[in-house]
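Residue numbers count from 1 along this sequence. Owing to the predicted nature of the structure, the values given are computational and were not obtained by experimental measurement.
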Amino acid sequence: TACREGHWIILDELNLAPSEVLEALNRLLDDNRELLISETMEVIRPHPHFRLFATQNPPGLYGGRKQLSRAMRNRFMEILVDDIPHTELEEILARRFDLPPKMANRMIQTMTTLQLRRQNTAIFAGKHGFITPRDLFRWAERGPFCWQTLATHGMFLLGDRCRKEEEKKVVKEVLQDVLNTSIPEDDVCYDPNQYPQLQPYWQKFHDLLSAAEHDPTVLPDSLGGGRIVPTKEFRRLFVLVGLCLMHKEPFVLVGETGG
């Protein structure tokens, strides 16, 4: 449709595209300027206003990315996009999310400190360890903050996705050191009653459990038929998932089968 009607289109992650897609694009962008639809054998000549743009991550640094052929790369004007400078990241955090400049600065310090720890130890994985600009923006979107809540939500977003306890410990140490505040112990941190937006749902859940003790049919079999035990780990997941839902954030639960 874009080709026929002269729209502009952006192809994200170009070097993840299958070979047949790249071959079709190669033909579209060369001197022939035509797109072959293999299923129908239809040949489309692009509208004069049609424009094609693409983005990709560097091959080798990210899994599954292939090195594009020189012929394909020559079809485009390549422009290198560097990481956002820290001073600009700080400005974005302060202006876009209405954060105090000092708080935005400490969030950047947290990111750089964690990245430095990644360089000095083998326990972290990936180019940025486990904090990227996208993580900073998600962290900032959870405001408004005092220093205590900033540290706590930083722990939820950065520490609770670590699979190794030593990684989680490092995240907590960095947050407390850079933000100059303490993060409560788990019994407090993962208590749903500490979060006003979650407390009503937690109360409803407890009311259901109490009712199910007298009438197991109150809860369906898929929810344990009244045999749910709100353990410490259950409360932790309730808080983490509940806050994601409150802030309209996507989430994925990662664990071993049967966990």
Side-chain angles (χ1 to χ4, degrees), residues 61-64 83 86 89 93 103 105-143 145-195 197-199 201-202 205-206 224 227-259:
L61 295 179
Y62 298 86
D83 291 338
H86 290 168
L89 269 178
L93 289 173
M103 194 167 281
N105 177 267
R106 294 290 182 87
M107 292 173 72
I108 300 298
Q109 286 186 43
T110 300
M111 181 181 73
T112 56
T113 303
L114 286 172
Q115 290 174 350
L116 183 62
R117 292 287 190 100
R118 182 198 65 82
Q119 295 172 3
N120 294 334
T121 179
I123 69 172
F124 302 138
K127 177 185 177 184
H128 296 291
F130 43 89
I131 182 168
T132 67
R134 183 180 288 113
D135 298 316
L136 284 178
F137 299 154
R138 183 175 292 125
W139 189 7
E141 283 176 340
R142 290 205 171 187
F145 295 116
C146 64
W147 291 107
Q148 175 78 70
T149 57
L150 181 69
T152 300
H153 282 280
M155 190 64 198
F156 290 161
L157 292 168
L158 304 175
D160 273 291
R161 69 187 187 194
C162 297
R163 302 190 70 174
K164 298 179 180 179
E165 194 59 36
E166 57 265 37
E167 290 182 353
K168 189 173 180 178
K169 183 179 179 181
V170 168
V171 174
K172 186 173 184 178
E173 290 173 353
V174 169
L175 285 167
Q176 292 185 137
D177 182 54
V178 174
L179 303 181
N180 194 28
T181 189
S182 61
I183 296 174
E185 294 300 318
D186 288 357
D187 287 344
V188 176
C189 212
Y190 300 120
D191 179 2
N193 291 308
Q194 297 295 320
Y195 307 93
Q197 62 270 55
L198 297 182
Q199 198 278 332
Y201 299 99
W202 184 246
F205 172 72
H206 263 281
R227 296 186 296 274
I228 298 176
V229 180
T231 61
K232 177 180 177 181
E233 180 63 15
F234 184 96
R235 294 193 299 272
R236 170 180 169 270
L237 289 176
F238 189 97
V239 168
L240 296 177
V241 171
L243 290 174
C244 285
L245 292 173
M246 292 293 105
H247 293 280
K248 300 180 180 179
E249 299 166 350
F251 63 89
V252 57
L253 301 179
V254 181
E256 300 295 336
T257 302

Quiz prompt | Partners passing side-chain hydrogen bond (donor to acceptor under 3.5 Å, both in side chains) against Arg138 (at least two apart in sequence or in another chain) | solution = none

Practice problem: Keeping the roles fixed (side chain from Trp139, backbone from Leu150), state whether a donor-acceptor pair exists under 3.5 Å. | Solution: yes

Quiz item: Tell me, do Met107 and Leu89 make a side-chain contact under 4.5 Å, heavy atoms counted?
Solution: no

Quiz prompt | Check ion pair Asp187-Arg236 (N to O, under 4.0 angstrom) | solution = no

Quiz prompt | SB check Arg163 Glu256 (cutoff 4.0 Å) | solution = yes

Quiz item: What pairs with Phe234 under ring pair (Phe, Tyr, Trp, His ring centres under 6.0 Å), at least two apart in sequence or on another chain?
Solution: Phe205

Quiz item: Counting distance only, does the side-chain N/O of Thr152 pair as donor-acceptor with the main-chain N or O of Gln148 below 3.5 Å?
Solution: yes

Quiz item: Think Arg235 forms a cation-pi with Trp202, using NZ or CZ under 6.0 Å from the six-ring centre and within 45 degrees of its axis?
Solution: no

Quiz item: Applying side chain to side chain donor-acceptor pair (under 3.5 Å), which residue pairs with at least one partner in residues 172-183 are found, sequence neighbours left out?
Solution: none

Self-check item: Nearest heavy atoms of Ala140 and Phe145, plus distance in Å
Solution: O-CE1, 3.9 Å

Exercise. Taking the side chain as every heavy atom from C-beta outward, state whether Glu249 and Leu157 have any pair of such atoms under 4.5 Å apart.
Key: yes

Exercise. Please assess Tyr190 against Phe238 for the test side chain to side chain contact (heavy atoms under 4.5 Å, CB included), listing each intermediate value before the final yes or no.
Key: CA-CA 8 Å; Tyr190 300 120; Phe238 189 97; over 6 Å; no

